[in-house]
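Residue numbers start from 1 in every chain, and the chains themselves are labelled A, B, ... in the order their sequence lines are given, proteins ahead of strands.
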Amino acid sequence: MTAVQTTAATRDALGPTLVRLQQSGAVDLVVVDADLGKSTTSRKFKDVYPERFFTFGVAEQNMISAAGGFASLGYTVFASSFAVFVEHAFDQLRMSIAQPRLNVKVVASHGGVSTGEDGASAQSIEDIALFSSLPTFKVGVPADVVEAEAMIEAAAKDSGPWYIRTGRPKIPVLYTDGPRYQIGKADTLREGGDLTIVACGLLVERALRAADVLAAEGVSARVLNMATIRPLDVDALEAAARETGAIVVAEEHLVHTGLGAMVAQALATRHPVPMEFVGIPDRYGESGTWDQVLEIMGLTSQGVADAARKVMARKRR
Amino acid sequence: MVTVAQTDLQSRTRRIRRHIVNMVYGAKSGHIGGSMSSTEILTVLYDRILKHDPANPAWAERDRFIMSKGHCTPLQYAILAEFGYIPVEELSTFRQKGSRLQGHSVLGKPAGVENSAGSLGMGLSFGLGIRLGMRLRGQENHVYVLMGDGEQQEGQVWEAAMAAAHHHVDHLVALIDRNGIQNDDFTKNTMDSAPLEDKYRAFGWDVRTDVDGHDLAAVEAALTWARDVRGKPACVIFNTTKGKGVSFMENNPNFHGAPPTDEEYVRAMEELPA
Ligand SMILES: Cc1ncc(C[n+]2csc(CCOP(=O)(O)OP(=O)(O)O)c2C)c(N)n1
């Protein structure tokens with residue numbers, strides 16, 4: 001990795017990407033908002049296409065059902081808010097979008113505990129579980145702003161419902177040479193033969209740093225960026241399990257209901273191997289700077305490396 | 001005075017009520033009460049007001065009917081059969097394995113069902129999104145949303161009511177079936193939403209209220225009025241009788257969602273002229 005890293009928040013991808021997509025003529029967009037368009041950056045779309053931008057006030061349930069209505073006419077609809085506030089409209093997501101399989105893309109910012117100072121109420125630690133529980137929804141968590149942009153574009157051009165979680169903190173840009181995102185495909189960021197670290201979101205960069213530490217200890221870790229959580233790249237997981245024999249999953253989500261749980265379920269039927277999980281323990285967050293709260297939760301490169309050592313010990317047994 | 005055209009409408013409502021009872025009796029489950037109270041409203045809407053083409057349900061220039069009280073599928077499917085969207089024989093598959101006719105509305109099943117429902121309170125929002133999308137395209141079509149009076153207790157209804165007025169949406173019509181009964185009990189005992197008309201007016205809607213929801217001429221006049229309101233959304237509040245048409249079901253909270261027994265079925269069909 002390069003010595004000097006540029007950083008950016010994944011949420012910053014939304015507004016500019018939507019403008020670019022509408023300008024390209026490839027999609028017929030409508031953007032709906034519930035009074036957080038500045039934070040999610042969707043309001044940048046309003047500056048260019050005010051007639052295609054609809055405010056619903058602080059009323060997420062109405063916004064989500066109305067998004068379904070727009071989509072039933074053939075529009076590609078982007079709805080955004082903070083992740084915790086789209087959770088406010090779960091039944092509306094289910095009835096007005098998921099079940100009729102309408103073309104609505106929910107791009108929610110401030111996912112995870114890295115929302116920081118606002119504390120527990122603003123920290124979405126359950127969004128992946130909720131959206132993954134909806135048949136027909138695709139679910140993605142980009143690892144950096146470049147991937148976020150690519151994922152938003154892929155979702156816009158794909159048919160059916162999507163959930164994309166973006167984040168508030170400025171995190172290192174990994175894909176400096178351009179995006180490699182493909183729907184439903186894991187991206188191998190580092191080859192390795194002793195174990196595989198499967199990560200999403202800001203844990204991908206932390207996993208790469210953990211792999212550096214492990215390499216110094218003589219352990220070769222493969223790192224998979226699992227940016228699409230639904231549909232899960234089960235083939236890449238099976239290959240990793242067969243070829244490396246141990247798996248660590250790292251995510252900024254409740255550990256018992258997120259990516260790790262889904263990876264474990266997939267591998268249980270394909271090729272079970274020792275696994276360890278790095279995620280938010282069974283608790284709510286608290287205030288602090290974003291990296292402090294991540295540290296409280298154990299979501300650090302150190303935490304990932306510890307899990308890797310643990311799984312290696314079990315593998316050797 | 002009853003015109004020839006109204007006789008025609010009357011025979012439609014009679015057939016539809018018999019379909020409703022047959023479907024719920026056959027399925028041994030389903031919602032008769034709220035289907036019977038909205039029968040005239042939907043029959044007049046589909047016959048006289050709604051721009052639609054049963055032979056081409058995907059017609060881009062069609063108006064949209066949104067069933068927000070998605071438990072009233074016996075009425076919705078009977079209407080679709082009566083107006084030629086589906087064969088009448090299909091109604092006997094209601095709520096059964098393999099049928100398109102699920103217990104609550106599912107978008108596209110069959111074509112002519114424009115939204116998924118069953119969780120109350122969402123239809124007005126969904127219809128609002130459709131109408132805003134039509135307006136963005138310069139399309140003049142209408143969106144009609146049918147809700148129950150119990151359903152008015154859902155907060156989302158008022159989010160949608162506020163937003164529709166804020167966005168100066170017209171060609172959006174809320175139809176409220178005020179039968180005074182919800183699932184467990186009378187609405188006034190459960191959570192009284194009165195005065196409903198004042199609430200909608202205060203939210204910026206044009207309202208016509210106390211319309212006799214079983215008088216075909218009155219229903220047609222009210223729907224015509226609502227269709228022509230401009231500059232704001234329109235709301236029609238119909239006073240109706242839950243279970244209308246079968247004496248022992250009328251105004252009886254027990255016939256919200258329970259099927260008739262064998263004996264009740266026979267009595268009901270005797271009371272509903274063919
Ligand atoms: C969100 C939600 N909560 C509860 C129910 C269960 N439920 C089905 S019908 C009903 C009562 C509806 O009363 P009303 O809106 O007056 O309908 P109508 O009398 O016209 O059938 C209830 C509570 C539901 N369908 N959706």
Tightest non-hydrogen contact, residues B:E159 and A:N62, listed as OE1-N, 2.8 Å
Please look at B:A60 and chain A and tell me whether the side chain, the backbone, both or neither of the residue comes under 4.5 angstrom of a heavy atom of that chain.
-> neither
Counting only heavy atoms not in A:K185, do more than 12 fall under 6.0 Å of its NZ?
-> no
Just do the side chain to side chain contact (heavy atoms under 4.5 Å, CB included) check on A:L102 and B:L107 with the steps written out, would you?
-> CA-CA 10 Å; A:L102 288 167; B:L107 189 152; 4.3 Å; yes
Tell me, please, whether A:Y75 has B:R137 positioned over its six-membered ring: NZ or CZ under 6.0 Å from the ring centre and within 45 degrees of its axis?
-> yes
Please determine, by modelled atom types, if B:S125 and A:Q61 share a side-chain donor-acceptor pair under 3.5 angstrom.
-> no
B:F126 and A:I97: side chain to side chain contact (heavy atoms under 4.5 Å, CB included), yes or no, with the steps?
-> CA-CA 10 Å; B:F126 197 86; A:I97 297 175; over 6 Å; no
Gap between atom CG of B:L128 and atom CZ of A:F54 - 0.5 Å precision = 9.5 Å
Should the heavy atoms of other residues, nucleotides or ligands under 6.0 Å from CD of A:Q182 be counted, would the total exceed 12?
-> no
Of B:G70, B:A163, B:S116, the largest count of non-hydrogen pairs under 4.5 angstrom with chain A goes to B:S116
Interatomic distance, B:L132 atom CG to A:E51 atom CD [nearest 0.5 angstrom] | 13.0 Å
Show the numbers, then the answer: is there a side-chain hydrogen bond (donor to acceptor under 3.5 Å, both in side chains) between A:S72 and B:E114?
-> CA-CA 8 Å; A:S72 79; B:E114 305 276 15; over 6 Å; no
Could you state the interatomic distance from CG (B:N115) to OG (A:S65), rounded to the nearest 0.5 Å?
-> 10.0 Å
Check the surroundings of atom CD in A:Q265: do more than 12 heavy atoms from other residues, nucleotides or ligands lie under 6.0 Å from it?
-> no
Ignoring hydrogens and geometry, is there a side-chain-to-backbone donor-acceptor pair from B:H167 to A:T55 under 3.5 Å?
-> yes
What do the steps show when you test B:M122 against A:D91 for side chain to side chain contact (heavy atoms under 4.5 Å, CB included), and what is the final call?
-> CA-CA 9 Å; B:M122 300 185 194; A:D91 192 19; 3.4 Å; yes
Quick one: do A:F70 and B:I130 satisfy side chain to side chain contact (heavy atoms under 4.5 Å, CB included)? Show the steps, please.
-> CA-CA 5 Å; A:F70 277 109; B:I130 294 178; over 6 Å; no
By a 4.5 Å heavy-atom criterion (distance strictly below it), what part of A:I64 contacts chain B: side chain, backbone, both, or neither?
-> neither
Region of B:M134 that comes under 4.5 Å of a non-hydrogen atom in chain A | both
Could you pull out the closest heavy-atom pair between B:S119 and A:R94, with the gap in Å?
-> OG-NH1, 3.7 Å
